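Notes follow once the structure below has been shown.
Computed from a prediction, not measured in an experiment: that's the story for all the values here.
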Amino acid sequence: MEKLPKIALPSVFVLIVLVILISKSAITIDSGHAGVLYTLGSGVDPERPPLDEGLTFVAPWNSVIEYEVRQQEEPETMSVLSSNGLDIKLDASVLYQPIYSDLGRLHKEKGKDYLIRVLKPAVRSAARSVVGRYTPEQLYSSKRDAIQQEIFEETKAIVEKQYIQLNSILIRDVTLPPTIKEAIERKLKQEQESLEYEFRLVTAKKEAEKVTIEAQGKADANKILSASLTDKILRDKGIDATLKLSQSPNSKVVIVGGGEAGLPLILGND
């Protein structure tokens, strides 16, 4: 067996090294992600734009840290106190994403666990602050949307300065102590029944007023009509009616002025 030429061994070695270097340099960033470049000499440059998704090449001695930059959801369950000191359990969903242009700063100052370091504490702090201003009844019924919005606004004010974009906080459920929940439900039921009763009273009153107005209108009309019917008017109407009757085939003789009050007198066949 012939020996390989000595010049071939270095070439193979160089080829292997090149393959290794190329494989280390080629970085594929997944869809919906972005990369932060870490250089061996100076670390992360916060002013450097993030690396976009797809294939990119970096020096083999450098590295890329990937971040998901799509909207993400984090479920959060919190125990907070109401204004009167009762323990309230909130189940919420936090919708967030890192601010793309500040990805380098986020990595340098907060790191990949920014969710635990920044976002969760901010949500809990805002929830304690907001819920502490309301009663259990307000949390359970009328003020839930307002509370949700206030928690969102207070949390956003904290995290937007720390390179996190807060999109929404959704309160999925509010759990009260069982006795408090039952008392609130009884009160709400009583209020509903009271409103229904008041509605029936108002409806009945309006119907009675309608009947009274209609009756008064008829009475006023009759009064006006009676006042306008003088003897002369009655006599003229009687004459008109008598003349119409005289046109009947059953009428024979009409004597004008022969009846009472000077009305015409009709003499028939019989």
Sub-4.5 Å side-chain heavy-atom contact between Gln165 and Lys156:
no
Look at atom CZ of Arg48 and say whether more than 12 heavy atoms of other residues, nucleotides or ligands are closer to it than 6.0 Å.
no
Closest heavy-atom pair, Trp61 versus Leu40, reported as atoms and distance to 0.1 Å, is O-CB, 3.7 Å
Which residues pass the salt bridge (Lys or Arg N to Asp or Glu O under 4.0 Å) test with Glu150, not counting sequence neighbours?
Arg133
Backbone N or O of Gly32 within a donor-acceptor pair of the Glu53 side chain at under 3.5 Å?
yes
Any donor-acceptor N/O pair, Thr155 side chain to Ile151 backbone, under 3.5 Å:
yes
Report whether Val94 and Leu115 are members of the same hydrophobic cluster (ILVMFWY, side-chain heavy atoms less than 4.5 Å apart, transitive linking).
yes
Would you say the side chain of Ser82 lies within less than 4.5 Å of the side chain of Thr135, judging by non-hydrogen atoms?
no
Sidechain-backbone polar pair: Tyr67 side chain, Lys112 backbone, donor-acceptor under 3.5 Å
yes
Between the CZ atom in Arg117 and the CG atom in Asp113, the distance rounded to the nearest 0.5 Å is 4.5 Å
Assigning hydrophobic clusters by single linkage (Ile, Leu, Val, Met, Phe, Trp, Tyr; side-chain heavy-atom cutoff under 4.5 Å), is Tyr114 placed with Tyr38?
yes
Identified side chain to side chain contact (heavy atoms under 4.5 Å, CB included) partner of Glu66 from the options Val36, Asp30, Thr28:
Asp30
Do the side chain of Lys89 and the main chain of Asp173 share a donor and acceptor less than 3.5 angstrom apart?
no
Kindly indicate, with the supporting measurements, whether the criterion side-chain contact (heavy atoms from CB on, under 4.5 Å) is fulfilled by Tyr163 and Glu109.
CA-CA 10 Å; Tyr163 322 120; Glu109 297 181 22; 2.9 Å; yes
Is Ile65 reachable from Ile164 through a run of hydrophobic residues whose side-chain heavy atoms are each under 4.5 Å from the next?
yes
Taking the side chain as every heavy atom from C-beta outward, state whether Asp45 and Leu37 have any pair of such atoms under 4.5 Å apart.
no
Measure the CG-CD distance between Leu119 and Gln162 for me, rounded to the nearest 0.5 Å.
10.0 Å
Could I get the full list of side chain to side chain donor-acceptor pair (under 3.5 Å) partners for Asp52, not counting sequence neighbours?
Tyr100
Identify the two heavy atoms, one from Gln72 and one from Pro98, that lie closest to each other, and give their separation to 0.1 Å.
NE2-CD, 3.9 Å
Within a strict 4.5 Å, meaning less than it, do heavy atoms of the Val80 and Leu90 side chains meet?
yes
Are Met78 and Tyr96 joined in one hydrophobic group, where the rule is that I, L, V, M, F, W and Y side chains link up if heavy atoms are under 4.5 Å apart?
yes
Write down the atom of Ala92, the atom of Arg172, and the distance for their closest heavy-atom approach.
O-NH1, 2.7 Å
Between Thr77 and Asp91: side-chain donor-acceptor atoms closer than 3.5 Å
yes
Can you tell me how far the CD atom of Glu73 sits from the CG atom of Leu170, to the nearest 0.5 Å?
7.5 Å
Check for a donor-acceptor pair, side chain of Asp87 on one end and backbone N or O of Leu81 on the other, with a separation under 3.5 Å.
no
Tell me every residue that passes salt bridge (Lys or Arg N to Asp or Glu O under 4.0 Å) with Arg105, counting only those two or more places apart in sequence or in another chain.
Glu47, Asp102
Looking at NZ of Lys108 and CG of Leu103, how far apart are the two atoms once the value is rounded to the nearest 0.5 Å?
13.5 Å
Verify the cluster assignment for Ile27 and Leu51: are they in a single hydrophobic cluster under the rule of side-chain heavy atoms below 4.5 Å apart?
yes
Look up atom CG in Asn167 and atom CZ in Phe152, then write down how far apart they are to the nearest 0.5 Å.
7.5 Å
Do Glu76 and Arg124 touch side chain to side chain, with heavy atoms closer than 4.5 Å?
yes
Heavy-atom closest contact (Pro75 atom, Lys120 atom, distance):
O-NZ, 4.0 Å
All heavy atoms of Gly35 vs all of Val64, minimum pair found to be CA-CG1, 3.8 Å
Hey, does the side chain of Gln97 reach the backbone of Val69 with a donor-acceptor pair shorter than 3.5 angstrom?
yes
Which heavy atom in Ile171 sits nearest to a heavy atom in Gln148, and how many Å separate them?
N-OE1, 2.8 Å
